[in-house]
Amino acid sequence: MVAQLERKRSKRVAKKRVRRSDADPHDLYERSVQDPDGDTAILARLFRRFRRREPVSLREDFCGTATLSTHWARSHRHRWAVGVDLDGPTLRWGERRHLQSIGPELRRRVTLLEGNVLDGLGPRTDIGCALNFSYSVFKTRDALRGYFAAARDKLVRDGVFVLDAWGGWGVVRPDLDRRKVDDFIYEWERARFDPLTNEILCYIHFELAGGARIDRAFTYDWRLWSVQELRELLLEAGFRRVHALWERTDADGEGTGVYWEPVHTENQELWWTYVVAER
Ligand SMILES: C[S@@+](CC[C@H](N)C(=O)[O-])C[C@H]1O[C@@H](n2cnc3c(N)ncnc32)[C@H](O)[C@@H]1O
């Protein structure tokens, strides 16, 4: 959902003209928001950095159409993935798109589970992740701590849990970002922010070739969590160490894709980063 944060992602998806009649919100979402190859590479890199070994297994919480789980398993013949999501129709869409036409060997290495991320379904993995801020559906400290404890339980002994976080002074201002993807336009709307509760309401809309629109294709009713709150709750949930990372920039202020762990940093209009917790 939130590659919307001006995350510069290279998309290798073949260009395809989208008309209203064949527009599918999941397809448009995957093409405009997700970068499963990039996510696979960074998750493996972060795991190696903190664990000095190769990661084999991934748990993708809030997996939606499970594109990351599938790409993870595809990326190496020893890798396997578990994707968990509450929404059966979305999981089945992902199964049809990503798993139906692949060989049985790869198919065996991806397990999709319909259920709540709090329920502890499935085997333990090296890496657990909740990307694109999906954990923000938990709006109280108790609820988020409970989720983090459940995620910790599903890691192997030296497992790591990876989250992304976002913020900046622009995030709390109602606004709409538009970005062209192939021949459609992706819109990320930050519709409302409540300064008393930190609740934030966002939408994804799509504008198709010819001008037809799919308004509110996806709605996100979240709490905006700060990195410091995430860090505290991860520690309270039992994680041993938590690393709040920040992307290094070059002389022009552009992101380099290299993450370090400063103690303090400067705020920006919009930022996006990773938080890594060691079990
Ligand atoms: C925006 S999607 C995230 C998709 C994908 N992870 C990504 O990075 O783009 C959020 C998903 O979280 C799922 N979800 C919300 N609450 C959940 C819960 N408690 N347990 C499992 N899945 C949940 C929804 O069904 C939805 O598919």
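Just so we're clear, the structure is a prediction, and the values are computed from it rather than from any experiment. Atoms within each ligand, like the ligands themselves, are counted from 1 in listed order.
- Here atom 26 (C) of ligand 1 lies nearest to D85 when heavy atoms of D87, T65, D85 are compared.
- Taking every non-hydrogen atom of G64 and a distance limit under 4.0 Å, the qualifying atoms of ligand 1 come out as 27 (O).
- Side chains of T197 and E199: a donor-acceptor N/O pair is present below 3.5 angstrom, by distance only.
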Check: Given the rule in the salt bridge (charged side-chain N to carboxylate O under 4.0 Å, His left out) test, do E105 and R77 qualify, once you have shown the distances and angles that lead to the verdict?
Finding: CA-CA 9 Å; E105 191 280 323; R77 67 196 162 84; over 6 Å; no
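- Judged by the shortest distance from any of its heavy atoms, A130 lies outside the 4.0 Å radius around the atoms of ligand 1.
- The ligand atoms of ligand 1 that sit less than 4.0 angstrom from a heavy atom of Y220 are 1 (C).
- Backbone and side-chain nitrogen or oxygen atoms of V33 are examined, and none is located within less than 3.5 angstrom of a nitrogen or oxygen of ligand 1.
- Checked by atom type, the side-chain pair W188/D175 shows no donor-acceptor distance below 3.5 Å.
- With sequence neighbours excluded, no residue forms a ring pair (Phe, Tyr, Trp, His ring centres under 6.0 Å) with W80.
- Close N/O approach between V84 and ligand 1 is not found [any backbone or side-chain N/O within under 3.5 Å].
- Within the listing of ligand 1, atoms 20 (N), 21 (C) sit less than 4.0 angstrom from a heavy atom of G115.
- Geometrically, ligand 1 and F62 share a nitrogen or oxygen pair separated by less than 3.5 Å.
- A side-chain donor from one of D61 and Y147 sits under 3.5 Å from a side-chain acceptor of the other.
- Under 4.0 Å from ligand 1, the heavy atoms of Y29 that appear belong solely to its side chain.
- Contacts of E266 classified as side-chain contact (heavy atoms from CB on, under 4.5 Å), with partners at least two apart in sequence or in another chain: none.
- Residue-ligand proximity, N132 to ligand 1, at heavy-atom distances under 4.0 Å covers atoms 7 (C), 8 (O), 9 (O).
- By the 6.0 Å and 45° rule, R173 does not stack over the aromatic ring of W169.
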